[in-house]
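Throughout, protein chains are lettered first and strands after them, A, B, ... in sequence-line order, and every chain is numbered starting at 1.
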Protein chains: 2
Amino acid sequence: MKRSTLKDIAKLTGLSISGVSRALKDHPDIAPETKEKVREVANALNYHPNPNAQHLQSKQSKTIAVILPEVNTFFFPELLQGISNVVEQHGYFLIFLQSDNRFSREKELIEYCIQMFVDGVLISVSAETTNLEHLLKLQEMGAAVVQIDRVLSNGTIPFLTINDSAASMKATAYLIDKGHKKMVGIFDDARLSMTLLRIEGFERALQLHQIAIEEDSILIVQDGEDVEFKLSKLLDENTSITAVFTMSDKLLVRAYHAINQLGLKIPDDIALISISDGKAPQYLFPGITHVRHSGEVVGIAAATLLFKILSGEKIPGQLHEVETTLVELDSV
Amino acid sequence: MKRSTLKDIAKLTGLSISGVSRALKDHPDIAPETKEKVREVANALNYHPNPNAQHLQSKQSKTIAVILPEVNTFFFPELLQGISNVVEQHGYFLIFLQSDNRFSREKELIEYCIQMFVDGVLISVSAETTNLEHLLKLQEMGAAVVQIDRVLSNGTIPFLTINDSAASMKATAYLIDKGHKKMVGIFDDARLSMTLLRIEGFERALQLHQIAIEEDSILIVQDGEDVEFKLSKLLDENTSITAVFTMSDKLLVRAYHAINQLGLKIPDDIALISISDGKAPQYLFPGITHVRHSGEVVGIAAATLLFKILSGEKIPGQLHEVETTLVELDSV
DNA sequence: AACCTTTGCTCAAACGTTTGATGTTGAAAA
DNA sequence: TTTTCAACATCAAACGTTTGAGCAAAGGTT
């Protein structure tokens, strides 16, 4: 089946191409009956306007790109879902790109976006990214840019995350509140500002409640394997520890494993709490109490912010925060 | 920064627009030094061809769409990852759409794809979808279409899944092999052919080993909550059951919960096995033995199949299968 | 010297749409 | 009867690129 164009409709209706165009756009210059006829023919021909031609005219692509380090993680699928909804709601297209956590790839993708004339980009930077020049270039080319979740600040690109430090504090304070005196916090890749903020929140909660921060209060791990090894060792040696805090889902499941492996019971022998998107905590048994960091909410907020920028609103290149909530399940 | 066009380069170099176009495309008609100069100027102006203009010419969009019921599930993120890689490798764009498991939305999205001139569509149909006319229309418009994971057959649209019945059999046979005589299989939404096939595999394994299929051998549930309720009841009443098989990750985590809730120990009191993408089994403790259904592998295979179609290869509208492997962890 | 080839480029049309300017009616107002 | 003005429609240019056809000049062959 060949695709029909305005020309085809024009031929069949005896109108001119521009007449048809206006009729389909409900332009007041066109007589109602004419419009009706045009619409009928258009329908019969299964007409769809060619978006390339339209965008060529209007100089925009009606496209938003999302760049994530990987989708195969706890938080990102939800994030993508939230973004996708808002974007479709605005009648835009979503193109989805993965940087595989590599800076070089991230730069390529940005070039790609520039070529594609994307109107906006939502990006969670790779772990390797340390400067934002590529994003600035994108901005200069007229695209709206918003950073999400993992962010770097340079004062000109708005970014949106949860209040990491507050989330961390909330979780830690809850443990203390429940009577725990000696606990360990497990943290991820220290290259990310997210990690530093979450460590800060953890420490601040301890200080606030006059609990000494010892050498083994904070465990920084490189990859998942590390958690099991280091935590097992720590819990074995230091039996006074009664609670574990993990900064992410990835670490949570590892800690869960380690604890079970040692034959410890949650929450009787040891309490476990995490910052989480809320999925893993439900899967595990017992349900893990967590500070909920909803990917969907962040996605919606980020996309909404982006469309504000697109509509011409001036948005400062600063932090825009999303709320977190404590979800009490059965692990503390 | 304004975006530069061929015209701008033409003005600066004194060449004609077509000359510039050919120079940038390394056309033999253009003198080497001229090409060099054009490239320099293009670089200086930060020139990128306008893809809308290009696609308007070439009548294609270099775009593949993926339509999934939801991404927020175990299998789909991995699937998306696999697809995304192949698509980018071919220099195509990926647009990502969600049907929210609604047939009406799915039809809208297909219309959308038609409008967008997408070259190909990878789709996992919604639970509500019972006919494929919308996909046929898409095919007629010249797009390549491949179904993934959840599929419906009509003989003209190729589809790609694991061999569901074989996977189910593999898991069940493993249980039997390990000495289990009385087991229950838990299955999902019976509207999907996937479910029927997996039930069939389960039953076939039992028959093959002369194990009677009783009324309570098969548990069909509507949603997650159901699993916990029904399974608890069943295990409570029927203590001769020594193993549970679940057809998906979603059911697996529910069953895991129910079993733990009852105070039963895996694998000592009861064995648990599942068809799974391999993530949840690692999170849980002990690790759950499963038949691995890799989203990434399926994604790669599906996208590869799609590009074969795009390159003109004739692909029958039938099943194309992907291998599954049994991963032995500690739950049986 | 007349002819052919090659080299290196330009012209112009085409892709499908949008839109400001312009043209043609017919009917109402002067 | 002439003017005026809606109402409805057409014309033509423009968006940025690609591409077949055409053309001038330089060099090579008889």
Side-chain angles (χ1 to χ4, degrees), chain A residues 1-39 41-42 45-63 91 93 114-119 141-142, chain B residues 1-39 41-42 45-63 91 93 114-119 141-142:
Chain A
M1 196 193 296
K2 239 198 110 272
R3 219 172 282 260
S4 51
T5 68
L6 288 183
K7 203 171 174 178
D8 301 329
I9 303 179
K11 231 172 248 158
L12 283 185
T13 55
L15 279 195
S16 69
I17 292 180
S18 45
V20 175
S21 172
R22 283 194 239 260
L24 289 173
K25 292 199 117 51
D26 210 20
H27 193 284
D29 267 11
I30 304 292
E33 320 92 67
T34 313
K35 283 181 188 167
E36 192 44 48
K37 196 165 81 191
V38 169
R39 268 194 286 261
V41 176
L45 289 188
N46 202 348
Y47 169 79
H48 295 288
N50 182 324
N52 288 313
Q54 287 179 314
H55 296 154
L56 182 56
Q57 272 286 348
S58 66
K59 294 174 164 223
Q60 33 163 4
S61 60
K62 291 269 174 196
T63 298
F93 302 102
I114 292 179
Q115 282 181 43
M116 266 301 274
F117 278 62
V118 301
D119 297 322
M141 299 304 281
Chain B
M1 196 192 293
K2 239 195 109 274
R3 219 172 280 260
S4 49
T5 68
L6 288 182
K7 203 172 175 177
D8 301 328
I9 302 178
K11 233 171 246 159
L12 283 185
T13 54
L15 278 195
S16 71
I17 293 180
S18 45
V20 174
S21 173
R22 284 194 238 259
L24 290 173
K25 292 198 118 52
D26 210 21
H27 193 284
D29 268 10
I30 305 293
E33 322 92 65
T34 313
K35 283 181 188 168
E36 192 44 47
K37 197 165 78 188
V38 168
R39 269 194 286 262
V41 175
L45 289 188
N46 201 349
Y47 169 79
H48 294 289
N50 182 325
N52 287 313
Q54 287 179 313
H55 296 154
L56 182 56
Q57 273 283 349
S58 65
K59 292 169 166 231
Q60 39 164 358
S61 60
K62 290 267 173 198
T63 298
F93 302 101
I114 293 179
Q115 282 182 42
M116 266 301 275
F117 278 64
V118 302
D119 298 322
M141 299 304 279

Atom-to-atom span, [atom1] of [X] to [atom2] of [N] - whole angstrom:
{"X": "A:Lys7", "N": "C:dC15", "atom1": "NZ", "atom2": "C1'", "result": "9 Å"}
{"X": "A:Gln60", "N": "C:dT17", "atom1": "CD", "atom2": "P", "result": "17 Å"}
{"X": "B:Leu6", "N": "D:dA14", "atom1": "CG", "atom2": "P", "result": "17 Å"}
{"X": "B:Gln57", "N": "D:dC15", "atom1": "CD", "atom2": "P", "result": "16 Å"}
{"X": "A:Arg3", "N": "C:dT17", "atom1": "CZ", "atom2": "P", "result": "11 Å"}
{"X": "B:His55", "N": "D:dT17", "atom1": "NE2", "atom2": "C1'", "result": "11 Å"}
{"X": "B:Leu56", "N": "D:dT18", "atom1": "CG", "atom2": "P", "result": "11 Å"}

Toward the 5' end of DNA chain C, by each residue's nearest nucleotide, B:Phe117 or B:Gly14: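 Looking at the nearest nucleotide for each, B:Gly14 comes out on the 5' side.
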Residue closer to the 5' end of DNA chain C, B:Lys59 versus B:Ser16 (nearest nucleotide): B:Ser16
Shortest non-hydrogen separation from B:Ala10 to B:Ile17 and the atoms involved: CB-N, 3.9 Å
A:Arg3 to B:Ile114 - nearest heavy-atom pair and separation: NH1-O, 2.8 Å
4.5 Å side-chain heavy-atom contact, A:Val38 and A:Leu24: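 Yes, side chains in contact.
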Contact residues, residues 19-34 of chain B to DNA chain D [heavy atom, < 4.0 Å]: B:Ser21, B:Arg22, B:Lys25
Spacing of CG belonging to B:Leu15 relative to OG belonging to B:Ser21, to within rounding of 0.5 Å: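 Those atoms lie 11.5 Å apart.
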From C:dT17, D:dA9, C:dA12, nucleotide with atom closest to B:Ser18 side chain: C:dA12
Selection from C:dT17, D:dT17, C:dT10 that lies nearest to any side-chain heavy atom of A:Ile17: C:dT17
Short side-chain N/O contact from B:Gln54 to OP1 or OP2 of D:dG16, under 4.0 Å: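 No.
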Basic-acidic side-chain contact under 4.0 Å: A:Asp119, A:Lys62: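 Salt bridge: no.
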Under 3.5 Å donor-acceptor, B:Ser4 side chain and B:Leu45 backbone: yes
A:Lys37 NZ: over 12 foreign heavy atoms closer than 6.0 Å: no
Touch class at under 4.0 angstrom, heavy-atom based, for A:Tyr47 against every strand present: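 Sugar-phosphate contact only - A:Tyr47 comes under 4.0 Å of backbone atoms but never of a base.
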Touch class at under 4.0 angstrom, heavy-atom based, for A:Thr5 against every strand present: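 Sugar-phosphate, backbone atoms only, no base.
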